[in-house]
Amino acid sequence: MPALTLREILALDPVRAAEPELLAGHTALDRPVRWVHSSEVYEGANFLDGGELLLTNGFGLMDADDEVRRRYVRELASRGVAGLAVEVGRSLPAMPAEVIDEARRRELPLLAMHRVVPFVRITEAANRAIVARGLSGRAVVRPWGDDHTAALLADLADRAALNQPEVEARAALAGFHPGPGARLVGVSLHGTREVGTVDRAVRLLGGAGVLRAAFPGDVLALLSLPGARPGDPVKAVQEAFRTMSAPGLTVAVGHAVAEGSGWLRWSDTLRAARTTLELALTVPAAEPGVPDGPLVTSSRALALERELTRGGLDANRERLSALVHHTLGPLLTWEASHSSDLVRTLETHLRNGCSPTRTAALLHIGRQSLYQRLERIETLLGLDINDSELLGELLTATCAHRLVERPSGARPATTAPHFKRTA
């Protein structure tokens, strides 16, 4: 369905109540309107994305000289706005002649609003109509048909050109109302084409809101946890999915962001969840998991892997291989002629705070065997692996080795994921 046009916006009751008079751009009334908002910032054209109908009370045009007024119109036209509507008769007695002339030169629809109608009434009605029409008819939305939730999640995960009022309106249309202080957490699931697992986890969390939809490669969800809820929201979401997920399912949880932090942060947690899921499905795990249960991980757990593979593993393979051989060369030479697992032992030890008890338990070996391995590692490298200055380099190198050198030990996916790499 085509996007709402400027002509249709002018037919809305709150707009008609303002008694708009079209002073320029008579041939451009069928322009699509992507969004309607108000602004009194007269140097803010660069913040517009194009396709907006801009409402202003005209106060900033009163004391401006002729050239400033003309430049304002030119900048709006260059950004591709759908039109400019100016309230006249209160702050601005009449539309300046140079504004009309410049709008006609640029074929920019220019409206004089002769009656005072609160802009919030106009923007709410217009933007609600835009969303209901099919979210401006953008191509990224069309594959999801009338599924507004899927369309919004797709736009957020792909970081489409959005703005905060638009995201909030579309979220409200989908029944998603994060309260003040809420914490939002993105989740991406593989191994199911149903949203039931998400719904069960949300019920277990109690009081959480959710946007969720199934896509060809994953089920994607954005959870809202009340701000008053105690504890770590990421841990709470992970535990809920561990409890409610079936064996064979892989779940990746993004980081928590504040409800009021803006749509880009909403996008960040969804993108982190998807990137983490892709890594969980395609690279060897740092530690053995529960083979028969769900694999529930987080962007925290794979933070180093995400950074090392930013832009794709293939693009970073040569760089990471060089890092591995520079830092761990003696261990690799030893392992080439001996049956040992020194690199994996070192990474597990570093990832667990150099705790012998925890490391030995994860590797399923005795503590004495672990001590022998650690002594061998230090002898070969000629380093004290407990030196705090070395921890970052050693952990980065062992992680890189797992990504580019070792045979894959990742859980095989029942169906190859088709989602796009988003971060």
Side-chain angles (χ1 to χ4, degrees), residues 3-4 33-39 41 44-54 79-82 120 123-124 126-144 147-188 198 208-213 215 218 220-227 233-234 237 252-276 299 419-423:
L4 211 67
V33 179
R34 189 177 65 82
W35 204 245
V36 178
H37 68 90
S38 61
S39 174
V41 179
N46 288 336
F47 295 101
L48 299 173
D49 297 318
E52 300 92 347
L53 171 61
L54 183 64
R79 297 299 296 183
V81 300
V120 65
T123 57
E124 284 182 352
N127 292 333
R128 190 180 301 116
I130 289 172
V131 171
R133 171 58 66 87
L135 311 173
S136 304
R138 283 175 288 176
V140 70
V141 171
R142 284 197 285 269
W144 318 120
D147 189 340
H148 297 305
T149 299
L152 177 55
L153 286 169
D155 276 358
L156 288 170
D158 293 336
R159 192 163 283 184
L162 302 170
N163 58 57
Q164 191 62 28
E166 177 180 2
V167 170
E168 292 175 357
R170 292 171 63 178
L173 184 71
F176 188 61
H177 304 279
R183 304 287 286 173
L184 306 186
V185 181
V187 180
S188 185
V198 176
V210 65
L211 287 171
R212 83 285 190 274
F215 293 88
D218 63 342
L220 191 61
L222 183 63
L223 277 61
S224 169
L225 277 64
V234 172
V237 171
V253 179
H255 48 270
V257 301
E259 167 270 334
S261 59
W263 76 268
L264 285 172
R265 298 298 306 278
W266 296 23
S267 173
D268 285 344
T269 185
L270 287 169
R271 291 160 66 86
R274 273 195 160 176
T275 301
T276 301
S299 59
F419 48 80
K420 180 168 60 178
R421 182 67 179 268
T422 53

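Distance OG1/Thr149 to CG/Leu173: 8.0 Å, rounded to 0.5 Å.
Between the side chain of Thr269 and the backbone N or O of Ala256 there is no donor-acceptor pair closer than 3.5 Å. Side-chain atoms of Arg183 do not come within 3.5 Å of backbone N or O of Gly227 as any donor-acceptor pair. Proximity of a side-chain donor or acceptor of Gln164 to a complementary backbone N or O of Trp263 within less than 3.5 Å is detected. Counting only distance, with no hydrogens or angles, the side chain of Thr123 and the backbone of Val120 share a donor-acceptor pair below 3.5 Å.
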Item to check | Evaluation steps, side-chain contact (heavy atoms from CB on, under 4.5 Å), between Leu153 and Phe215 | outcome: CA-CA 10 Å; Leu153 286 169; Phe215 293 88; 4.1 Å; yes

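Scanning both residues, Arg212 and Val198, for their nearest heavy atoms gives CB-CG1, 3.9 Å. The two residues Pro233 and Val185 make their nearest non-hydrogen contact at CB-CG2, 4.4 Å. Counting all heavy atoms, side chain and backbone alike, Ala174 lies closest to Leu211 at CB-CD2, 3.6 Å. The two residues Val33 and Ala82 make their nearest non-hydrogen contact at CG2-CB, 4.0 Å. Residues Ala126 and Val36 come closest through the heavy atom pair CB-CG2, 3.7 Å.
Between Arg34 and Glu166 there is a salt bridge, with a side-chain nitrogen of the basic residue lying less than 4.0 Å from a carboxylate oxygen of the acidic one.
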